[in-house]
Amino acid sequence: MTAWLRDETPLSPAGDDDTRRREIFALLRDDEGRHQTGRVTAPGAQWLASASAYPRSTLAMWEAEPTAPAVVPCGVAFDVVNVPGIFGRRMLDQLWSEGPGSGPVAFHRGRMLLFAAPGAAQRLPSLLDWEECGASVPPLLCHGSGDAVTVPPLGPPGGAPAAGAQPPGPRWLVAPDTRRPWLPGPEVLLWACVRAARATSAATVRISIFPPADQGAKVYDVSRRR
């Protein structure tokens, strides 16, 4: 298990006042009961805070600085499977197009963080070895008990990014929006890994209608046949 690196993104300017902080948390409370793809709701924030040893202190910290990322432990409320961005996108495509969907998903430093059921970080590597698909699946970082991850901010950072530019720092792709979000187990993640790996292989393999040539076979000039 590997601990996720602490985010180096600068915090919001010191000029952010209490009014802006209250507005962000009021927005989170107003979104309660509504599905939000990229923005955390109030129940979702409570779920994230429940992973820490002191949930109330964590919520108070976020209320004081809602645009700053935070580090929360794994293994209690969730595990996290950390995969390269492109492969993670293929896993998400499989989960949402042909599978049961996903739990919360974040993006950070070119990698995708898939929130999973507690215990998934320990079992998934063994299942991948059992399926003998390690060569086709890129290295995964599985964060479980004793590890911690950086979660994206609850609210959007101040200032909009330039046109066409990705927001700096970690961000939510599928934000937590309920107090008890559904989380995929190791078997579901294994299925998504295998399907994503097969889709990748199928896209890179050229299919020919002709069988491979037999290097030891004789060659006949059929044009001279009478």
Side-chain angles (χ1 to χ4, degrees), residues 2-85 88-89 92 102-116 141 143 147-181 183:
T2 305
W4 186 241
L5 297 177
R6 186 178 293 274
D7 185 69
E8 301 294 337
T9 306
L11 299 181
S12 299
D16 288 348
D17 56 14
D18 292 339
T19 301
R20 172 171 169 75
R21 294 167 183 166
R22 289 196 298 268
E23 287 176 351
I24 291 178
F25 267 75
L27 179 63
L28 294 180
R29 286 189 288 269
D30 289 343
D31 285 337
E32 186 170 350
R34 296 170 53 193
H35 176 75
Q36 299 291 328
T37 301
R39 189 171 60 205
V40 180
T41 63
Q46 294 172 4
W47 172 72
L48 286 172
S50 70
S52 66
Y54 305 99
R56 292 184 180 180
S57 298
T58 300
L59 285 173
M61 178 191 66
W62 281 336
E63 189 161 8
E65 193 58 66
T67 60
V71 177
V72 294
C74 300
V76 178
F78 53 78
D79 283 358
V80 171
V81 177
N82 181 335
V83 301
R89 174 59 68 180
L92 276 184
S102 74
V105 180
F107 188 81
H108 186 31
R109 294 179 178 171
R111 298 183 67 89
M112 199 169 292
L113 281 67
L114 288 84
F115 286 68
L141 300 177
H143 310 294
D147 299 331
V149 295
T150 297
V151 297
L154 301 185
Q166 293 290 344
R171 61 187 182 276
W172 290 106
L173 300 181
V174 181
D177 60 355
T178 68
R179 187 64 179 81
R180 294 179 177 83
L183 299 173

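For this chain, numbers begin at 1 and follow the sequence in order.
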Shortest non-hydrogen contact between Cys74 and Val80, atoms and distance = SG-CG2, 4.1 Å

key: Minimum heavy-atom distance Pro176-Trp47, with the two atoms named   = CB-CE3, 3.7 Å

query = If every non-hydrogen atom of Thr41 is compared with every non-hydrogen atom of Thr178, which pair is closest and at what distance?
reply = OG1-N, 4.2 Å

Contact check, side chains of Leu183 and Phe115, non-hydrogen atoms, under 4.5 Å = yes

remark   = With sequence neighbours left out, the residues meeting side-chain contact (heavy atoms from CB on, under 4.5 Å) with Arg89 are Leu92, Asp93, Met112, Leu173

request  = Of all the heavy-atom pairs spanning Pro43 and Asp177, show the shortest one and how long it is.
outcome  = CB-O, 4.2 Å

key: Minimum heavy-atom distance Pro104-Pro181, with the two atoms named   = CD-CB, 4.3 Å

task = State whether the number of non-hydrogen atoms from other residues, nucleotides or ligands found under 6.0 Å of Arg179 atom CZ is greater than 12.
result = yes

key: side-chain contact (heavy atoms from CB on, under 4.5 Å) evaluation trace for Arg111 with Leu141   = CA-CA 10 Å; Arg111 298 183 67 89; Leu141 300 177; 3.9 Å; yes

key: side-chain contact (heavy atoms from CB on, under 4.5 Å) partners for Ala49, two or more places apart   = Pro55, Thr58, Leu59, Trp62

remark   = Across all chains, not counting sequence neighbours, the side-chain contact (heavy atoms from CB on, under 4.5 Å) partners of Pro152 are Ala106, Pro170, Trp172

ask   = Less than 4.5 Å apart, any side-chain heavy atom of Leu113 and any of His143?
value = no

